A.B. asks: 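To start, I am sharing the structure in question, which I have written as structure tokens.
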Amino acid sequence: MLKATSVKDALRAAAPAPEILVNGWVRTRRDSKAFSFIELNDGSSLKNLQVIADATLPGYAELMPQITTGAALAVTGELVASKGQGQTWEVKASELTVVGKADATYPLQKKGHSMEFLREIAHLRPRANLFGAVFRVRSRLAYAVHQFYQDRGFVYVHTPLITASDCEGAGELFRVSTLDPLNPPKTEDGAVDYGQDFFARPTYLTVSGQLEAEVFACAMGKVYTFGPTFRAENSNTSRHASEFWMIEPEMAFTDLVGNMDLAEEFVKYLIADVREHCADDLALFGKFVDKGLDERLAFVLERPFQRVSYTEAIAIIEASGKAWEHPVKWGDNLQSEHERYLAEEHCKCPVTVYNYPKEIKPFYMRLNDDQKTVTAMDVLVPGIGEIVGGSQREERLDVLEANMERHGLSKADYGWYLDLRRYGSVPHAGFGLGFERMLMFVTGMANIRDVIPFARTPGNAAF
RNA sequence: UGCUCGGUAGCUCAGUGGCAGAGCAGGUGACUGUUAAUCACUUGGUCGGUGGUUCGAAUCCGCCCCGGGGAGCCA
């Protein structure tokens with residue numbers, strides 16, 4: 001049997017071919033009296049392959065009504081230079097097989113679907129041009145993540161998805177349990193006895209692999225994780241999902257500046273890689289999703305990211321003279337409107353904000369000499385906001401213990417984490433980059449639910 | 001979770017107290033190396049659900065469900 005050629009390969013052929021086999025799904029069909037044009041797509045590229053089905057084909061009259069939008073086809077024929085405008089190559093079919101029919105109820109049409117409607121048919125939307133493009137870019141972006149770190153000598157670490165610790169001391173967790181919810185074992189005082197649960201303790205889906213990544217950074221120097229993460233927050237926004245992917249590099253012998261350097265280099269690398277390898281798909285986003293996309297990506301690549309300390313950021317916001325919905329003073333969290341102002345109006349490019357007040361940041365961030373701020377850093381990008389959050393970690397045992405006490409955390413639960421500071425402790429730093437938020441940034445897609453194959457959000461786990 | 005805007009044909013939407021509509025998709029026919037093809041005709045409705053106001057409700061009011069936007073939490 002003839003080995004199949006992808007649409008992508010057929011379209012970039014160097015020469016005609018006497019016989020090729022192409023498999024795919026019908027995007028549309030246009031009929032002439034003597035022949036039909038069939039647009040075939042197999043997901044390998046944005047562009048379709050035009051198939052010419054001549055009326056003299058065996059079974060033509062019976063075949064044509066089955067060749068409807070959505071039907072799966074196997075086409076054997078000659079790859080020839082197109083006689084028409086608009087495409088270089090086309091296939092003149094010698095044999096057409098309808099592998100799977102699609103009747104008139106097939107939901108995808110040739111034009112104009114809303115993102116909301118496509119979200120409801122998440123099992124079919126990868127067949128739409130836009131979503132094919134999104135998920136090809138997603139695949140390439142994931143590859144580029146690994147390439148970036150592997151090229152730089154980072155070791156890929158698989159941190160656990162099931163955890164007994166709430167890594168960040170914040171955020172709500174999904175409980176993992178095999179206890180009977182209707183009749184759980186109880187302790188003498190009436191509480192659920194998790195000692196009898198599967199792991200003999202309460203366990204959850206991880207919200208971050210950071211603490212475990214620190215373990216490996218303090219053994220192998222430079223490591224990264226790349227995997228799914230779970231947050232049971234009741235967040236209903238265009239940039240939050242209950243299940244998302246995150247990349248978390250962690251580096252020993254590295255301080256806050258080295259951390260910011262890596263984050264900025266990483267973001268730029270990903271943009272450059274996708275621009276180089278997904279040009280057709282990005283052009284589609286530039287045309288239909290975000291007219292200014294290419295210009296903005298080019299701009300981000302050309303310029304160094306701005307860096308402002310939290311204290312400077314507060315001064316910038318106060319000096320803006322804007323009427324803020326939430327006025328800020330030193331010590332407050334930056335609101336979304338402030339972050340947007342910094343990235344979109346004041347700097348007009350990604351901006352890294354660092355050295356936040358210790359009161360608004362987690363226990364593991366390193367205390368600065370001013371005793372008031374910690375080495376937190378957030379990368380804010382126009383249109384999305386926070387895309388990276390990280391810090392230099394507190395490597396001094398006594399200071400870390402004091403921080404934990406201040407945050408009301410039990411030292412006993414973090415014995416292994418404290419051990420890293422007892423034995424060969426070193427300055428180290430890392431961050432988390434939201435994979436989907438990065439994908440939103442490079443594609444211009446406005447909603448995180450549209451860059452995840454099957455999005456999980458509060459109240460929605462269909463498919 | 002609170003704020004706000006929506007839910008009308010398969011899809012996108014108009015209709016805002018008085019006969020349920022358009023474009024696209026689907027069907028039929030014509031025409032054409034077409035390419036979001038074109039032209040003519042045509043099928044298609046629990047107006048999100050429920051209760052109320054009214055002679056009369058898609059339209060006004062209450063409650064519920066679902067979706068969007070922005071907010072908080074964060075990546």
Side-chain angles (χ1 to χ4, degrees), chain A residues 27-40 47-54 65 68-70 80-87 90 92 102-121 128-129 167-168 170-172 207-210 226 228-248 263 267 288 325-326 333-340 360-362 376 378-381 384-390 431-441 446-452 457-460 462:
Chain A
R27 281 296 166 77
T28 181
R29 191 190 87 214
R30 293 177 293 274
D31 293 335
S32 237
K33 187 165 275 175
F35 50 87
S36 274
F37 298 103
I38 301 160
E39 297 275 344
L40 200 68
K47 296 194 179 83
N48 303 321
L49 181 64
Q50 178 160 284
V51 175
I52 313 295
D54 198 89
T68 53
T69 302
V80 296
S82 178
K83 281 189 233 168
Q85 304 293 309
Q87 60 281 316
E90 63 190 19
K92 207 163 164 20
D103 68 15
T105 62
Y106 183 66
L108 283 171
Q109 296 167 14
K110 284 179 266 188
K111 63 174 251 188
H113 291 297
S114 67
M115 299 285 184
E116 293 78 15
F117 171 68
L118 290 167
R119 233 169 260 161
E120 290 168 9
I121 51 165
N129 284 342
C167 305
E168 313 228 353
E172 292 174 38
V207 297
S208 165
Q210 179 203 316
F226 183 13
T229 302
F230 307 89
R231 306 266 166 103
E233 302 287 349
N234 193 4
S235 300
N236 286 290
T237 80
S238 57
R239 58 189 192 285
H240 289 87
S242 311
E243 176 181 315
F244 63 97
W245 286 58
M246 186 158 64
I247 298 112
E248 295 182 288
V267 168
F288 293 113
E325 194 177 330
H326 307 275
N333 265 308
L334 296 182
Q335 303 291 311
S336 195
E337 58 174 339
H338 309 129
E339 295 186 344
R340 251 186 289 119
I360 59 174
K361 290 293 176 183
D378 287 350
V379 177
L380 312 175
V381 297
I384 292 161
E386 187 177 342
I387 198 166
V388 165
F431 60 83
L433 177 133
F435 183 65
E436 284 81 7
R437 288 187 182 174
M438 188 68 213
L439 190 54
M440 289 167 74
F441 188 66
N447 196 311
I448 198 166
R449 286 171 271 237
D450 298 326
V451 297
I452 301 179
T457 52
N460 195 344

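The model shown is predicted, which means the values in this text are computed figures rather than measured ones. Numbered from 1 within each chain, the chains take letters A, B, ... in sequence-line order.
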A.B. asks: Whom does A30(B) pair with, Watson-Crick or G-U wobble, provided both distances fall under 3.5 Å?
C.D. replies: U38(B)
A.B. asks: Can you tell me the Watson-Crick or wobble partner of C3(B), both distances under 3.5 angstrom?
C.D. replies: G69(B)
A.B. asks: What is the distance from atom CD of Glu248(A) to atom OG1 of Thr229(A), rounded to the nearest 0.5 Å?
C.D. replies: 6.0 Å
A.B. asks: By side chain to side chain donor-acceptor pair (under 3.5 Å), which residues pair with Thr28(A), not counting sequence neighbours?
C.D. replies: Lys110(A)
A.B. asks: Using atom C1' of each nucleotide, how far apart are G62(B) and G23(B) to the nearest Å?
C.D. replies: 36 Å
A.B. asks: How far does CG of Leu40(A) sit from CG of Leu49(A), to the nearest 0.5 angstrom?
C.D. replies: 6.5 Å
A.B. asks: If I take atom CG from residue Leu334(A) and atom CD1 from residue Ile360(A), how far apart are they, to the nearest 0.5 angstrom?
C.D. replies: 6.5 Å
A.B. asks: Distance check, rounded to the nearest 0.5 Å: Ile38(A) atom CD1 versus Asn48(A) atom CG?
C.D. replies: 12.0 Å
A.B. asks: Do Tyr106(A) and Thr68(A) touch side chain to side chain, with heavy atoms closer than 4.5 Å?
C.D. replies: no
A.B. asks: Can you check whether Glu39(A) reaches Gln50(A) side chain to side chain, under 4.5 Å on heavy atoms?
C.D. replies: yes
A.B. asks: Could you tell me the separation between the NE2 atom of His326(A) and the C1' atom of G72(B), rounded to a whole number of Å?
C.D. replies: 8 Å
A.B. asks: Give me the distances for all protein-to-nucleotides 40-46 of chain B N/O pairs that come in under 3.5 Å?
C.D. replies:
none

A.B. asks: Does U16(B) count as syn, meaning its glycosidic angle lies within 90° of 0, or as anti?
C.D. replies: syn
A.B. asks: Taking only side-chain N and O atoms of Arg231(A), does any of them lie within less than 4.0 angstrom of OP1 or OP2 on C74(B)?
C.D. replies: no
A.B. asks: When the C1' atoms of G33(B) and U8(B) are considered, how many whole Å apart are they?
C.D. replies: 41 Å
A.B. asks: Calculate the interatomic distance between Asp54(A) atom CG and G33(B) atom P; express it in whole Å.
C.D. replies: 13 Å
A.B. asks: Between C61(B) and G17(B), how far apart are the C1' atoms? Round to whole Å, please.
C.D. replies: 13 Å
A.B. asks: Quick one: pull up CG in Asp450(A) and CD in Glu116(A) and give me the separation to the nearest 0.5 Å.
C.D. replies: 8.0 Å
A.B. asks: Could you pull out all residues at least two apart from Glu436(A) that satisfy salt bridge (Lys or Arg N to Asp or Glu O under 4.0 Å)?
C.D. replies: Arg138(A)
A.B. asks: Taking only the side-chain nitrogens and oxygens of Ser235(A), find out if one of them lies under 4.0 Å from OP1 or OP2 of C74(B).
C.D. replies: no
A.B. asks: Heavy atoms only, 4.0 Å cut-off, all strands: where does Gln50(A) land among base, sugar-phosphate and nothing?
C.D. replies: base
A.B. asks: Could I get the full list of side-chain contact (heavy atoms from CB on, under 4.5 Å) partners for Phe117(A), not counting sequence neighbours?
C.D. replies: Pro107(A), His113(A), Ser114(A), Glu120(A), Ile121(A)
A.B. asks: C60(B) pairs with which nucleotide, Watson-Crick or G-U wobble, both distances below 3.5 Å?
C.D. replies: G52(B)
A.B. asks: Looking at every non-hydrogen atom in both residues, tell me the closest pair between Asp378(A) and Gly390(A) and how far apart they are.
C.D. replies: OD1-N, 4.3 Å
A.B. asks: Sticking with atom C1', work out how far U16(B) lies from G7(B), rounded to a whole angstrom.
C.D. replies: 15 Å
A.B. asks: Report, as a single string ordered 5' to 3', how protein heavy atoms within less than 4.0 Å touch nucleotides 25-31 of chain B: B base, S sugar-phosphate only, - not at all.
C.D. replies: SS----S
A.B. asks: From A37(B), G33(B), U12(B), pick the nucleotide closest to the side chain of Ser114(A)?
C.D. replies: U12(B)
A.B. asks: Applying a 4.0 Å non-hydrogen cut-off, can you work out what Phe37(A) is touching in the nucleic acid: base, sugar-phosphate, or nothing?
C.D. replies: base
A.B. asks: Using a 4.0 Å heavy-atom cut-off across all strands, classify Ile448(A) as base, sugar-phosphate, or nothing.
C.D. replies: base
A.B. asks: Kindly indicate whether the side chain of Arg29(A), heavy atoms from C-beta on, has any atom under 4.5 Å from the side chain of Thr69(A).
C.D. replies: no
A.B. asks: For nucleotides 64-70 of chain B, list the nitrogen or oxygen atoms of the protein found under 3.5 Å from its nitrogen or oxygen atoms, one pair per line.
C.D. replies:
unit_1	atom_1	unit_2	atom_2	d
G68(B)	OP1	Arg119(A)	NH1	2.7
G69(B)	OP1	Asn447(A)	ND2	3.0
G69(B)	OP2	Asn447(A)	ND2	3.3
G70(B)	OP2	Ser238(A)	OG	3.3
G70(B)	O6	Asn236(A)	O	3.1

A.B. asks: Students often get this wrong, so: under 4.0 angstrom with heavy atoms, is Phe435(A) touching a base, only sugar-phosphate, or nothing?
C.D. replies: nothing
A.B. asks: Looking only at atom C1', what distance separates G56(B) and G68(B), rounded to whole Å?
C.D. replies: 33 Å
A.B. asks: Sticking with atom P, work out how far G2(B) lies from C11(B), rounded to a whole angstrom.
C.D. replies: 30 Å
A.B. asks: Determine, answering yes or no, if Phe244(A) is stacked on A75(B) under the 5.5 Å centre rule and the 30° plane rule.
C.D. replies: yes
A.B. asks: For the residue pair Arg239(A) and Ser336(A), establish whether any side-chain heavy-atom pair is separated by less than 4.5 Å.
C.D. replies: yes
A.B. asks: At under 4.0 Å between heavy atoms, what does Glu90(A) touch on the DNA or RNA strands: base, sugar-phosphate, or nothing?
C.D. replies: base
A.B. asks: What distance, rounded to whole Å, do you find between the two C1' atoms, one in A9(B) and one in C24(B)?
C.D. replies: 12 Å
A.B. asks: Just how far, in rounded Å, is P of A75(B) from CZ of Phe230(A)?
C.D. replies: 16 Å
A.B. asks: Under 4.0 angstrom, heavy atoms only, what part of the nucleic acid is Gly86(A) near: base, sugar-phosphate, or nothing?
C.D. replies: base
A.B. asks: Assign Ile247(A) to base, sugar-phosphate, or nothing according to its heavy-atom contacts below 4.0 angstrom with the strands shown.
C.D. replies: nothing
A.B. asks: Rounding to an integer number of angstrom, what distance separates C39(B) and U34(B) when you compare their P atoms?
C.D. replies: 16 Å
A.B. asks: Quick check on RNA chain B: between Thr28(A) and Glu436(A), whose nearest nucleotide comes earlier from the 5' end?
C.D. replies: Thr28(A)
A.B. asks: With both distances kept under 3.5 Å, what pairs with A14(B), Watson-Crick or G-U wobble?
C.D. replies: none
A.B. asks: Take atom CE of Met440(A) and atom P of A75(B), then tell me their distance rounded to the nearest Å.
C.D. replies: 15 Å
